[in-house]
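Each chain gets a letter, A, B and so on, in the order its sequence line appears, and its residues count up from 1. Side-chain atoms are counted along with the backbone in the values below, which use heavy atoms only and exclude waters and symmetry mates.
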Amino acid sequence: MDIPAKYDAAASESKWYKYWTDNNFFGSKPDGRKPYTIVIPPPNVTGVLHMGHMLNNTIQDILTRRARMKGFNALWVPGTDHASIATEAKVVQKLAKQGIKKRDLTREQFLKYAWEWKEEHGGVILEQLKKLGASCDWSRTAFTMDDLRSESVMKVFVDLYNKGLIYRGLRMVNWDPKAQTVLSTEEVIYREEKSHLYHLKYYIAEGETITPTGTEGEVIHKDDKGYYAVVATTRPETIMGDTAMCINPKDPKHQWLRGHKVIVPLVNRVIPVIEDRYVDIEFGTGCLKVTPAHDANDYALGQTHNLEVIDIFNPDGTIAPAGQLYVGMDRMEVRKQIAIDLKNAGLLEKIEDYDNKVGYSERNADTAVEPRLCKQWFLNMKHFADIALPPVLEGKIKFYPNKYVNTYRNWLENIQDWCISRQLWWGHRIPAYFLPTAEGEEEKYVVALTPEEALELAHKVKGYENITIDQLQRDEDALDTWFSSWLWPVSLFNGINQPGNEEIKYYYPTTDLVTGPDIIFFWVARMIMAGEEYMKDVPFRNVYFTGIVRDKLGRKMSKSLGNSPDPIELMEKYSTDGVRMGMLLCSPAGGDLLYDDELCLQGRNFTNKIWNAFRLVKGWSVDDNIPQPEASKKAIEWFENKLNKTLAELDKMFVDFRLSESLMLVYKLFWDEFSSWYLESVKPAYQQPIDGATYKATIAFFDKLLEVLHPYIPFITEEVWQLLETRKQGESIMVAQMPEAGSYDEKLLERFETVKDVIAKIRQIRQDNGLAQKESLECFAKLVDGDYDDYFNAVITKHCNLAKFELIPAAIDGAKTFVAKNVEYYIPLGDKIDKEEELKKLNAELDYTRGFLASVEKKLSNERFVSGAPAAVVDREKQKLADAKMKIEALEKQIAGLK
RNA sequence: GGGAGUAUAGCUCAGCUGGUUCAGAGCAUCUGCCUUACAAGCAGAGGGUCAUAGGUUCGAAUCCUGUUACUCCCACCA
């Protein structure tokens with residue numbers, strides 16, 4: 001066979017991916033085997049692959065491929081998420097470029113554009129996953145807005161409404177003025193920002209007289225215009241909505257204000273001074289302006305003190321007519337302008353610098369969220385917290401790393417109701433139908449799957465017995481995207497629409513979930529809720545939380561920093577296998593990962609190593625008539641044991657999701673143990689044939705190694721596996737059986753470690769004396785104590801090119817010498833030996849050993865140690881003592897001999 | 001403000017219930033080698049008061065307490 005010197009990754013990748021899909025190796029159907037199931041965290045349908053996806057999906061693919069090879073019926077279900085806000089924003093943006101405004105379109109027209117966009121850009125990310133080698137069952141590709149999923153969402157909404165768990169309520173919610181929709185509390189991220197505290201003068205209303213109360217520490221402001229109080233605020237633009245000023249009743253500074261009224265600056269509205277212990281006396285001036293319509297805390301104050309609510313903002317964040325001033329201006333502009341106007345009016349005392357935390361939309365980082373009072377749909381979360389907490393606390397679901405259990409519990413124990421409605425069109429439209437009502441009358445609605453059913457329900461409402469279907473007004477709002485994602489593990493198997501069907505029974509609960517900790521609340525927790533609610537069982541057994549991919553300086557990867565490499569380019573540069581390895585090499589279990597291109601290089605170098613080992617083995621000619629060399633026989637026995645031990649260790653690591661470590665383990669197995677030790681032990685001399693038995697064993701080992709490596713680096717392993725032996729059409733490493741860990745002899749492995757030590761020392765002597773490998777040496781062994789272990793001598797002979805390797809009774813003078821275990825080794829080099837140098841070395845070792853002996857003796861002479869420590873520990877120390885004494889004796893003899 | 005986590009070699013990390021995996025791995029560095037599988041390589045070497053101060057113990061990287069630094073999550077004082 002003609003083997004190219006270089007491995008052509010690109011050709012191999014497309015060839016084998018096609019081969020796998022052509023043979024439907026990724027497909028899964030329920031059968032008699034045990035299932036292994038992963039559902040993909042659905043990426044945004046219009047998204048592109050980033051480094052986080054690379055990591056996440058590499059891990060999922062490793063788990064899936066390994067399970068498949070372990071004999072499970074492995075299924076990895078792919079799909080995409082409609083990502084309501086993000087996608088709608090993109091579509092709006094695109095339309096804006098064409099001069100089309102969303103508000104000029106009907107819902108149907110807009111959705112037509114949105115679907116076009118989805119068809120055009122959707123699925124790119126799935127193609128990219130294919131390049132990564134993802135072994136998803138593509139025939140099952142789902143979309144959160146496809147028919148089955150949509151139907152599931154509707155059914156669940158109606159069901160939860162009927163159970164009384166979904167309700168409609170007027171609440172202070174987080175409003176995104178750019179997307180013009182409400183957000184859930186989880187969708188708001190707070191950022192520290194350099195801001196200002198504006199100190200504003202609120203004059204006491206005309207006619208009010210001030211009498212100091214005489215309280216110690218009282219602060220009364222007065223100027224030529226009268227008495228005034230100072231309010232510190234970060235948001236002067238909201239003063240038009242002020243309906244009270246609030247002080248702490250215990251605040252000594254402001255006792256004089258009690259019971260008075262003050263005038264809102266510029267607006268000139270007279271508002272009461274109210275008292276509430278909520279106000280922090282120490283913060284700012286201790287005076288708080290209360291704007292019930294635009295701050296959650298102020299709203300709560302307004303409720304207790306029965307304050308008027310003046311909403312001064314339009315949905316887009318501009319000032320509404322109710323604000324009276326600055327009508328039509330954007331809130332941020334108003335903030336600047338009002339500061340100037342206040343100053344000019346002498347109403348601004350000062351401006352202080354202040355670090356403030358401002359909420360932003362998670363999906364829309366440049367627009368500050370505005371607290372706003374409006375009517376929305378909510379899901380009662382108390383019930384869901386109650387059913388979702390036990391499975392995690394009891395260990396029915398395991399989190400890796402475990403620390404997230406705390407995070408999870410904390411969230412569930414302090415949960416707030418979930419605002420599930422969004423003022424968007426791209427999404428699942430809420431199946432609620434409003435009944436016609438008179439102006440000012442309370443709203444009435446029914447919830448049903450179809451307009452027809454809604455009409456039936458409406459007819460049962462008193463006074464609506466005769467309305468027609470046209471009079472029903474369906475709610476314009478869509479549902480939060482996560483309201484469909486939370487059903488994912490159930491809806492993918494149609495478990496909502498067709499409970500108890502064959503697929504849901506077989507695949508549910510799924511096995512592992514791989515995702516980022518950033519969506520533990522958004523998604524993981526809610527899937528557990530939905531799973532428990534609808535399947536009465538957990539949606540998955542294990543959740544593996546990946547870290548966040550950072551650059552090597554520890555910064556988050558972001559578009560704006562430009563420190564995020566393009567995954568596709570990486571795969572082209574380092575090969576897909578190389579990048580997969582690179583991702584995994586830097587992902588410690590439970591920590592963030594500091595990504596560096598160097599790691600992909602290391603990965604690519606590894607595939608090259610495999611390729612070269614393959615070239616070596618495949619280059620051998622086999623002669624069944626020559627006897628098997630002793631060295632080969634022993635090396636095979638050793639490697640067999642080594643392999644079994646490693647396989648056992650590997651199994652353990654996978655149980656604990658220690659994937660990065662597992663890769664390092666097999667990396668070393670292949671590179672060090674197999675290539676450097678095993679192959680060098682069995683390698684025939686140049687252009688000499690290899691015996692049949694050794695060849696067969698070597699191929700078998702190689703085979704197994706490839707199989708073990710396949711989940712990590714699927715392409716090169718398939719390529720080499722296919723070439724290593726004649727394979728039948730339709731065979732593939734990805735459906736081969738994963739080698740099982742057999743028994744192994746720990747003692748034998750330890751003995752071989754000594755062998756490595758001896759070989760290394762002889763190599764050192766060669767190097768020190770400039771002796772080429774071609775030049776053969778003689779080596780003599782002298783037993784110091786115990787039994788002589790010559791089991792692997794043939795291996796030593798082979799590695800070190802020894803012409804003679806014998807056991808002798810007495811020391812040899814004037815030879816290079818070293819001690820390993822209980823044997824002294826002598827290598828006569830004639831006059832080449834440098835006595836001075838040798839003595840120096842031996843003396844140094846002698847000194848060290850004596851020091852070591854002293855420390856052991858000290859320990860053993862400590863009676864408290866001897867009596868307190870377990871017998872086994874004491875025995876070990878005694879053994880150390882004996883070994884050291886023996887070694888000292890041997891060294892002393894050698895030194896004497898040299899002299 | 002509440003909580004969680006981390007601190008071990010230049011870098012990234014292992015080191016579980018204290019004692020032979022006790023000071024380790026990979027990468028990087030340095031020194032030899034173009035030795036017919038592989039220079040994208042081979043053979044070696046150096047490098048750490050285990051953040052810090054105490055404590056428990058015969059014995060601590062490991063357990064406990066304090067301190068410091070960093071990271072993350074939650075809450076949100078205008």
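Using modelled atom types and a 3.5 Å distance limit, the side chains of A/Gln416 and A/Thr185 yield no donor-acceptor pair. Between the side chains of A/Tyr712 and A/Thr717, not a single donor N or O lies within less than 3.5 Å of an accepting N or O. A donor atom on one side chain and an acceptor atom on the other are not found under 3.5 Å apart for A/Asp280 and A/Tyr278.
Among the atoms of the strands shown, none is found under 4.0 Å from any heavy atom of A/Glu746. Backbone-only contact: A/Phe521 has heavy atoms under 4.0 Å from sugar-phosphate atoms and none from a base. Residue A/Gln764 is classed as a sugar-phosphate contact, given heavy-atom separations below 4.0 Å to backbone atoms only.
For A/Thr607 and B/A40, the shortest distance from a side-chain N or O to OP1 or OP2 is not below 4.0 Å. For A/Arg604 and B/C38, the shortest distance from a side-chain N or O to OP1 or OP2 is not below 4.0 Å. Considering only side-chain N and O atoms, A/Tyr190 lies nowhere under 4.0 angstrom from the phosphate OP1 or OP2 of B/C74. Contact annotation: A/Arg658 side-chain N/O to B/A14 OP1/OP2 distance is not under 4.0 Å.
For A/Leu594, whose side chain is taken as the heavy atoms from C-beta onward, the closest listed nucleotide among B/U12, B/A37, B/A78 is B/U12. Comparing B/A78, B/A4, B/G41 by their closest approach to the side chain of A/Asn605 singles out B/G41. Picking from B/A43, B/A40, B/A37 the nucleotide with the shortest atom distance to the side chain of A/Leu679 gives B/A37.
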Watson-Crick and G-U pairing of RNA chain B written in dot-bracket, each distance under 3.5 angstrom, with | for inter-strand partners:
(((((((..((((.....[....)))).(((((.......))))).....(((((..]....))))))))))))....
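In terms of position on RNA chain B, the residue among A/Asn608 and A/Glu598 whose nearest nucleotide sits closer to the 5' end is A/Glu598.
Glycosidic conformation, B/U49: syn, with the torsion inside 90° of 0. Under the 90° criterion around 0 for the glycosidic angle, B/U56 counts as anti.
Using a 4.0 Å cut-off on heavy atoms, the residues of residues 664-672 of chain A that approach RNA chain B are A/Met664, A/Tyr667, A/Lys668, A/Trp671, listed by number.
Rounding to whole angstrom units, CG of residue A/Leu601 and P of B/A39 are separated by 15 Å. Atom pair A/Tyr404:OH and B/C74:P shows a separation of 11 Å (rounding to whole Å applied).
By the salt bridge (charged side-chain N to carboxylate O under 4.0 Å, His left out) test, A/Asp242 is found to be paired with A/Lys289, residues two or more places apart in sequence or in another chain being considered.
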